Amino acid sequence: MYALRRFAVRRSRQFEWIYQRFETVLAALDPLLTRIGYGRLERPVAFVEKQLKGLLFDCQMCGQCVLSSTGMSCPMNCPKQLRNGPCGGVRPGGFCEVKPDMRCVWVEAWDGASRMKHGDKIEVVLPPVDRRLHGSSAWLRASRERVQALAESVESNRTALARAYPEARKSAPTSAPLTEETRKEGAAR
Ligand code: SF4
């Protein structure tokens, strides 16, 4: 709904806060979600996401949500679906050249981003849309990616520690962490 979409942009800072907390909760629920099965959850969660975000942001369910980088203005509502800024046809007053009654989603995005705490994310170039993800839940994807990034950073810290203390590994093999190489060495023995 257009009026609600514009409301979300005017309240982008509050929505940013809500989204951050929501992502944290979803990531914390990862063990439970994994037990239930992400595949099993995909359809019901995507359904709820579509209803809620459709109402608030006119979400088109691209599956790779970038609202936190675009001032809470969904770029998929651009008739040209541009993900990295407006085309050259913005009309005077900030209106779209294709839909003259609609404000350019990128004019709205800059407005929303200027109100957000991390609004400078709008300056980061976004990857092209992966059409294969259309209709899937961006919530579940974001949650899984966050958990995975955390796990990778823990693993790389462990490896750095293991590399920093090779002597500890020799004298106390059970207490020092394993690097990928020492793991392979152990398996080859
Ligand atoms: S960026 Fe994608 S997932 Fe996010 S609101 Fe727009 S269409 Fe929906």
Side-chain angles (χ1 to χ4, degrees), residues 1-30 33 37-87 89-90 94-149:
M1 196 194 289
Y2 187 55
L4 271 177
R5 196 206 299 180
R6 295 204 62 197
F7 169 81
V9 169
R10 287 198 302 275
R11 294 280 181 277
S12 55
R13 194 172 177 110
Q14 285 88 338
F15 276 105
E16 178 188 35
W17 187 89
I18 293 168
Y19 247 73
Q20 281 171 349
R21 298 298 167 284
F22 182 57
E23 269 187 24
T24 307
V25 170
L26 268 186
L29 288 174
D30 177 67
L33 301 181
Y38 275 97
R40 226 188 266 169
L41 288 166
E42 180 61 42
R43 277 181 76 173
V45 174
F47 176 79
V48 174
E49 184 174 337
K50 187 175 179 182
Q51 307 309 312
L52 201 62
K53 283 167 65 180
L55 184 72
L56 286 169
F57 311 111
D58 282 339
C59 171
Q60 310 291 320
M61 291 299 285
C62 72
Q64 309 126 81
C65 198
V66 288
L67 284 173
S68 58
S69 300
T70 58
M72 293 292 155
S73 169
C74 172
M76 301 309 280
N77 289 311
C78 163
K80 301 175 190 177
Q81 299 201 334
L82 299 178
R83 297 275 271 200
N84 284 296
C87 66
V90 182
F95 290 91
C96 171
E97 74 167 350
V98 181
K99 294 182 178 174
D101 295 335
M102 182 182 87
R103 296 255 302 160
C104 166
V105 299
W106 280 100
V107 171
E108 291 285 286
W110 279 99
D111 181 24
S114 68
R115 300 166 199 261
M116 288 165 75
K117 191 172 176 188
H118 302 290
D120 55 351
K121 286 205 295 192
I122 199 170
E123 290 166 20
V124 178
V125 176
L126 296 169
V129 186
D130 183 346
R131 302 279 171 191
R132 291 169 301 178
L133 300 177
H134 180 81
S136 64
S137 167
W139 286 347
L140 291 180
R141 175 161 300 98
S143 161
R144 267 177 303 183
E145 283 174 359
R146 192 171 165 154
V147 171
Q148 197 179 337

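Residue numbers count from 1 along this sequence. Small disclaimer: the values here were computed from a predicted structure and weren't measured. We use all heavy atoms of the structure for the numbers below, so side chains are in, but hydrogens, waters and symmetry mates are not. Counting starts at 1 for both ligands and their atoms, following the listed order.
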Practice item. May I ask you to say whether Asp130 pairs ionically with Arg132, meaning some side-chain N is under 4.0 Å from a carboxylate O? Key: yes

Exercise for review: Run the salt-bridge test on Lys80 and Glu97 with the 4.0 Å N-O cut-off and return the result as yes or no.
Suggested key: yes

**Study point:** From CD (Glu108) to CG (Asn77), nearest 0.5 Å
**Key:** 10.5 Å

**Study point:** Atoms named by residue and atom, protein N, O or S, within reach of atom 2 (Fe) of ligand 1 (under 2.8 Å)
**Key:** Cys62 SG

Check your understanding: Are a donor atom and an acceptor atom from the side chains of Glu49 and Ser137 found within less than 3.5 Å of each other?
Key -> yes

Check your understanding: Where the side chain of Gln81 meets the backbone of Pro79, is there a donor-acceptor pair that is under 3.5 Å apart?
Key -> no

Revision key, fill the gap. Between the NZ atom in Lys117 and the OG atom in Ser68, the distance rounded to the nearest 0.5 Å is 14.0 Å

